[in-house]
K.L.:
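The structure's right below; bear with me while I get my questions together.
Since this is a predicted model, take the numbers as computed values, not measurements. Just the heavy atoms: all of them, side chains too, but no hydrogens, waters or symmetry mates, feed the values below.
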Amino acid sequence: MSSVIANTRFSVLDRSRTREGQDAPEALRDTVRLAKRLEALGYHRFWVSEHHSVPGVAGSAPTVLAAAVAAATSTIRVGTGGVMLPNHRPLVVAEQFGVLESLFPGRIDMGIGRSVGFTDGIRRALGKDKRAVRDPEDFAGQIGELLGWFTGDQDLFPQVHALPAEGLRPEPFVLAMGEGADIAAAAGLPMVVGDLRGRERMLRAVERYREGFRPSVWSDRPHVIVAGTVAVAASEEEARRLLIPEAWSMAHSRTRGVFPPLAPAERIETLTMTAKEREFYESGLRGHVHGTEEQVAAALESVIRESAADEVLVTTSTYDRDALLESFTRLAGVAGLGPVPVPNPPTLSAG
C-alpha cells in the first residue's frame, strides 16, 4: 500500500438517494445501516446532506439524520456535508449542533455550505432567493456569527446565549469552491473541496485556501478534504457500472428538471436517449476515480499527491446497495483501514 494513501484519512458522505421501488423512509434507514457498516470497516467520518424538494434525495434534515446515525454508531465521527447556512438562523444551527455534541461528545462534525435550493420555488419556500448566496461577505458573516455562539464571543445579540452550544466544540468545516476557499481560509477552518473530476479547479481552490489560511482557535493549520466519487470492483467494467445510475439521474435532471430515483444499470443501458440526454449521461460517467483496487490506488495516490489532501471524502451513490458496500469494503482494503472493533452504541437512560 502507498505510504501517501496510508497517511490519508477516508470518510463517506451519503445523500440518502432513493432507488426505484423504494420510498424515502427506506432510503433514510439505509443511510443509518450503511453508517454502521462503514464504522466497522474503519472509515473516519460519516456525513449526511441537506437537499430540499428533490424527489430522488431523502436527506432533507441533516442534523436530525446525524442524530440517528450517531445513536446507531459508537466510534465513527458523524456530521453534515453540509447544513446550508443561508437557509437557517446561525443561532438555531448552533443550538442543534450543541445538542448533538452534548449527546455524542467528541464525535460531531459541523459541515457548513451556502446553497439555497435548486429552483426559485424551493428558494421562495425557504424564504430565500439567489441574493442569499451571491455575496460571499454575507456567508462569511453568517459563519462568524455561528462560531461566535460556540465561543461566546458573538456581539450581535447582547445577553443572548446559544444553549447548550456555548463552550462546546463540534469540529467545523466549510464546503468550498471559488470564494468559499477564501472564506474558509480567513476563518481558519478546515475546507472540503470537490469534486475529483474538476481537478484543475479543485487544485486552484486548495492553493488559494492554503495561501490565505489564518490560524484560529478552531484549527492551527490548513486542513484539506477532497471529495468525489470513488468506485472499486473486481474489474474496471464492473466499477463503471456502479457509476451508471447516478450518471443517468443527473442527465435526466439536466434535461427534464427532476431528479428521479436511482434505476438499475442494466435497465438504463437499454434506454433510448435523446442526443442531449446522451451527452449529459456520457459526461456524467467521465472523470471519476473507478476501477480495480490497483487502478483506484494509483488514481488516489495521484490526487492526494497533487492536492496534499489530509482526507478523502467519498460521495458515491448507486442503485445496487450490495455492490456499493462491496466497493466501500474494497476501498477500505486499498486504504488499509480495518476492520476495527465496534462497541455497543450508547444508550440514553433517565436519571
Side-chain angles (χ1 to χ4, degrees), residues 13-22 27 49 51-59 81 113-123 130 133 175-178 180 193-205 226-233 235-292 295-296 298-300 302-303 306-307 313-321 323-324 327:
L13 165 66
D14 187 70
R15 290 178 293 144
S16 304
R17 293 288 269 116
T18 60
R19 296 177 291 157
E20 287 187 354
Q22 176 202 57
S49 63
H51 294 277
H52 298 284
S53 190
V54 181
V57 182
R114 57 189 293 222
S115 171
V116 291
F118 292 109
T119 68
D120 289 339
I122 296 170
R123 287 188 283 269
K130 288 183 178 179
V133 294
L175 279 62
M177 285 299 282
V193 60
D195 68 32
L196 296 177
R197 296 195 300 166
R199 189 73 56 86
E200 292 303 318
R201 185 182 180 200
M202 181 190 77
L203 293 177
R204 287 196 300 270
V226 294
T229 295
V230 180
V232 196
S235 69
E236 184 176 1
E237 180 58 29
E238 287 181 57
R240 183 182 181 277
R241 287 178 64 79
L242 292 176
L243 308 176
I244 288 175
E246 189 68 60
W248 169 244
S249 181
M250 291 297 294
H252 189 282
S253 71
R254 296 289 298 274
T255 54
R256 307 185 195 185
V258 177
F259 275 93
L262 296 175
E266 55 269 22
R267 188 173 71 76
I268 294 169
E269 290 176 316
T270 67
L271 294 176
T272 300
M273 301 182 190
T274 67
K276 186 60 67 174
E277 287 172 339
R278 177 66 62 179
E279 177 185 345
F280 285 127
Y281 171 68
E282 295 293 345
S283 174
L285 291 172
R286 290 193 293 268
H288 299 292
V289 174
H290 73 285
T292 64
Q295 290 171 316
V296 167
L300 286 174
S302 174
V303 170
E306 290 180 16
S307 64
L313 180 68
V314 182
T315 62
T316 311
S317 297
T318 195
Y319 174 85
D320 188 331
R321 300 292 292 186
L324 179 63
S327 176

K.L.:
Mind checking what makes side-chain contact (heavy atoms from CB on, under 4.5 Å) contact with Gln22, not counting sequence neighbours?
P.N.:
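side-chain contact (heavy atoms from CB on, under 4.5 Å) check on Gln22 returns Thr18, Arg19, Glu26, Ala27, Asp30.
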K.L.:
Counting distance only, does the side-chain N/O of Ser327 pair as donor-acceptor with the main-chain N or O of Val232 below 3.5 Å?
P.N.:
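Present.
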K.L.:
Side chains of Val289 and Thr229: does their closest heavy-atom pair fall under 4.5 Å?
P.N.:
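No, their side chains stay 4.5 Å or more apart.
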K.L.:
Could I get the full list of salt bridge (charged side-chain N to carboxylate O under 4.0 Å, His left out) partners for Glu20, not counting sequence neighbours?
P.N.:
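Counting only residues at least two positions away or on another chain, Glu20 forms a salt bridge (charged side-chain N to carboxylate O under 4.0 Å, His left out) with Arg267.
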K.L.:
Would you name the heavy atoms of Val258 and His252 that are closest together and state the gap between them?
P.N.:
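Reported closest heavy-atom pair: O-ND1, 3.0 Å.
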K.L.:
Looking at CD of Glu266 and CD1 of Ile268, how far apart are the two atoms once the value is rounded to the nearest 0.5 Å?
P.N.:
8.5 Å
K.L.:
Name the residue from Arg240, His290, Glu246 that meets the side chain to side chain contact (heavy atoms under 4.5 Å, CB included) definition with Leu285.
P.N.:
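Per the side chain to side chain contact (heavy atoms under 4.5 Å, CB included) rule, the option paired with Leu285 is Arg240, out of Arg240, His290, Glu246.
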K.L.:
Do the non-hydrogen side-chain atoms of Tyr281 and Ile244 ever get within less than 4.5 Å of each other?
P.N.:
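The answer is yes; the side chains approach within 4.5 Å.
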K.L.:
Using the rule given for salt bridge (charged side-chain N to carboxylate O under 4.0 Å, His left out), can you reason through Arg278 versus Glu282, listing the C-alpha separation, both sets of side-chain angles and the distance that settles it, and then say yes or no?
P.N.:
CA-CA 6 Å; Arg278 177 66 62 179; Glu282 295 293 345; 3.5 Å; yes
K.L.:
Walk me through whether Val314 and Leu13 qualify under side-chain contact (heavy atoms from CB on, under 4.5 Å).
P.N.:
CA-CA 6 Å; Val314 182; Leu13 165 66; over 6 Å; no
K.L.:
With a 3.5 Å distance limit and no angle check, can you tell me whether Glu306 reaches the backbone of Val303 through a side-chain donor-acceptor pair?
P.N.:
no
K.L.:
Using 4.0 Å as the upper bound for N to carboxylate O, is an ion pair formed by Glu279 and Arg254?
P.N.:
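Answer for the salt bridge query: no.
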K.L.:
Using 0.5 Å steps for rounding, measure from the CZ atom of Arg321 to the CG atom of Leu262.
P.N.:
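Rounded to the nearest 0.5 Å, the CZ-CG separation comes to 9.0 Å.
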K.L.:
Looking at Gly59 and Ser16, what are the two nearest heavy atoms and their distance?
P.N.:
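That would be N-CB, 3.7 Å.
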K.L.:
Within the 3.5 Å criterion, strictly below it, is a donor on Arg17 or Ser249 matched to an acceptor on the partner's side chain?
P.N.:
yes
K.L.:
Should Asp195 and Thr315 count as side-chain neighbours, where that means a heavy-atom distance under 4.5 Å?
P.N.:
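When only atoms from C-beta onward are counted, Thr315 and Asp195 do not touch, as no gap falls below 4.5 Å.
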K.L.:
Just wondering, do Arg241 and Pro264 contact through their side chains at under 4.5 Å, heavy atoms?
P.N.:
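No; the side chains remain at least 4.5 Å from each other.
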K.L.:
For Thr255, what residues pass the side-chain contact (heavy atoms from CB on, under 4.5 Å) criterion, not counting sequence neighbours?
P.N.:
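Partners of Thr255 by the side-chain contact (heavy atoms from CB on, under 4.5 Å) criterion, ordered by chain and then number, come out as Lys276, Glu277, Phe280.
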K.L.:
Any side-chain to backbone donor/acceptor pair from Thr318 onto Leu242? Under 3.5 Å, distance only.
P.N.:
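Checking the backbone N and O of Leu242 against the side chain of Thr318, a donor-acceptor pair under 3.5 Å is found.
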K.L.:
Roughly how far, to the nearest 0.5 Å, is OG of Ser115 from CZ of Arg123?
P.N.:
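Atom-to-atom, Arg123:CZ and Ser115:OG are 8.0 Å apart.
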K.L.:
Any non-hydrogen side-chain atom of Leu196 less than 4.5 Å from a side-chain atom of Met202?
P.N.:
yes
K.L.:
Okay, side chain of Arg15, backbone of Val57: is any donor-acceptor separation there less than 3.5 Å?
P.N.:
no
K.L.:
Judged by atom type as modelled, is there a donor-acceptor pair below 3.5 Å linking the side chain of Thr292 to the main-chain atoms of Glu236?
P.N.:
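Pair absent, no side-chain N/O of Thr292 close to backbone of Glu236.
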K.L.:
Determine whether Leu271 and Trp248 satisfy the following criterion, side-chain contact (heavy atoms from CB on, under 4.5 Å), listing intermediate values before the conclusion.
P.N.:
CA-CA 10 Å; Leu271 294 176; Trp248 169 244; 3.7 Å; yes
